[in-house]
Amino acid sequence: MTSFMLLVMVGLFALSVPIAIAIAAASIGGIAAFTTMPLIVVAQKLVTTIDSFPLMAVPFFILAGNLMEAGGISRRLVDFAKAVVGNVQGGLACSCVLTCMIFASVSGSSVATTFAIGSIIIPAMIKHRYPAEFAAALQATSAELGVIIPPSIPMILYGVSAEVSIGEMFAAGVGPGLLIGGALTLFVYVTCKMNGWGKEDAAGNLGFVKATERAALALLMPVIIIGGIYRGVFTPTEASVVAVFYAVVVGMGVYRAIGWRDLGPILKKSVLSSSIIMFIIAAAGLFSFLITRAGVPAAIGAWIAEAIGSGWAFLLAVNLFLFVVGMFIETSASIIVLAPILAPVAAHFGIDPVHFGLIMVVNLALGMVTPPFGVNLFAACQVAGLSLEQIVGRLVPFVIVVFACLMVITYVPAVTLFFRGLVF
């Protein structure tokens, strides 16, 4: 049954059938052809998979990100980042990374980060005579921080799938986020120096004090959200609601960038995005139920434990496997399907489940910027008005930098576990 389901799913992927439909169709076909279960099980599992309190955070964080984009918060964050690092050569490009890091600490979504920040920073970089391909590749890669720096929707999904504390996952994500953000900033600075880009980036920047004053409420938002989670004031799910409330108050009441008429389109956009993700999660949950019932996770775990003799080799194999998977399968679906299979095997090798979760999230996040699936890539191309083929060459060095950081995260557990230890 499992082989049949995989063949159907891959075949539908090849025919460009939407991911959620491909996974659901493969699961339904497996039930109909190889089991005696009634098809009512399909509806039951689709519902029970998303009937989860932690998963309620997904639509709320998506809504918060869209409200931030429409409420002028993203532009103020860009101005603040430019005031901090924009006065050096290549400072505008560096501010792209810094802004994504700050925006990511509330939105939880890399695609939301791409559109919210990219729509501002990419035209600005082109105006300052950066190559459009470089600007788009930088934005797509920097937006990956949206799912690495907490709060993070993929971290929520891993916590639910592997039965790991979401709060601990959020705390552990700080170290990898800072590492990747710092590495990208350094790489961008050196690249701009070597190519002579960004010599006039300081022109038009606000002063640090003025930019900080304008962005004060925007900067306070991640402090409230992340600080509230770590101090135990509210859960990650409750934090998502607080983020929406704060974004509404600031965007409508303080900045006055959102009117009552704007709420309808914002809610519609958020509902559509949330529906797509939740449909994928539901379908992947059904698929995961069937392969678990067939004993696939246990069989794979036993085989890996026998074939691979050490945790070091296991992590290397998993990283290579996930890197390829991330190129073709959406991150949410990959986590829901693979986390229940791989997390127990990692535990067999003595790997901390939170550390392993961060490895999965960072690795699969790379899939968001690698063809052919790369959702961040397509979003950045749309903002920059470029084709995918035009920016692939500029993208390769960024992927190498992030993959190098992934290797550090994989084999130096302190990068993830240090901050978790401070909080928990």
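Heavy-atom basis, side chains included; hydrogens, waters and symmetry copies ignored.
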Once side-chain hydrogen bond (donor to acceptor under 3.5 Å, both in side chains) is applied, what residue pairs with a partner in [range] remain, sequence neighbours excluded?
range	answer
residues 403-424	E168-R420, N319-T410, D352-R420
residues 141-151	none
residues 173-184	none
residues 120-136	H128-D201, R129-E200, Y130-D201

**Prompt:** Are F134 and F398 an aromatic pair by the rule of ring centers under 6.0 Å?
**Reply:**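 Between F398 and F134, which both carry aromatic rings, the centre distance is below 6.0 Å.
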Contact check, side chains of [X] and [Y], non-hydrogen atoms, under 4.5 Å:
X	Y	result
L286	I23	no
F170	V423	no
L358	M169	yes
F321	V318	no
P59	L63	no
L322	S334	no
I121	V78	yes
I409	I180	yes

**Item:** Nearest atoms (heavy-atom pairs only) where I148 meets M155
**Value:**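 Nearest pair, atom of I148 first, then M155: O-CE, 2.8 Å.
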**Message:** Ignoring hydrogens, what is the shortest heavy-atom contact between V401 and A183? Give both atom names and the distance.
**Reply:**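 Closest pair (atom of V401, atom of A183, distance): CG1-CB, 3.9 Å.
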**Message:** Go through it in stages, so that I can follow the logic: the residues are L157 and T331, the test is side chain to side chain contact (heavy atoms under 4.5 Å, CB included), and I'd like the CA-CA distance, side-chain angles, deciding distance and then a yes or no.
**Reply:** CA-CA 10 Å; L157 299 181; T331 302; over 6 Å; no
Give a yes or no on whether the backbone of [Y] and the side-chain of [X] come within a donor-acceptor separation of less than 3.5 Å.
X	Y	answer
S152	I149	no
S95	L92	yes
Q139	C96	no
R76	R214	yes

**Request:** Using the test ring-ring contact (aromatic ring centres under 6.0 Å, His included), find all partners of F80 that sit at least two apart in sequence or belong to another chain.
**Result:**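 ring-ring contact (aromatic ring centres under 6.0 Å, His included) list for F80, sorted by chain: empty.
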**Asked** F323: what forms a ring-ring contact (aromatic ring centres under 6.0 Å, His included) with it, not counting sequence neighbours?
**Response**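 Scan of F323 (ring-ring contact (aromatic ring centres under 6.0 Å, His included), adjacent residues dropped) gives F403.
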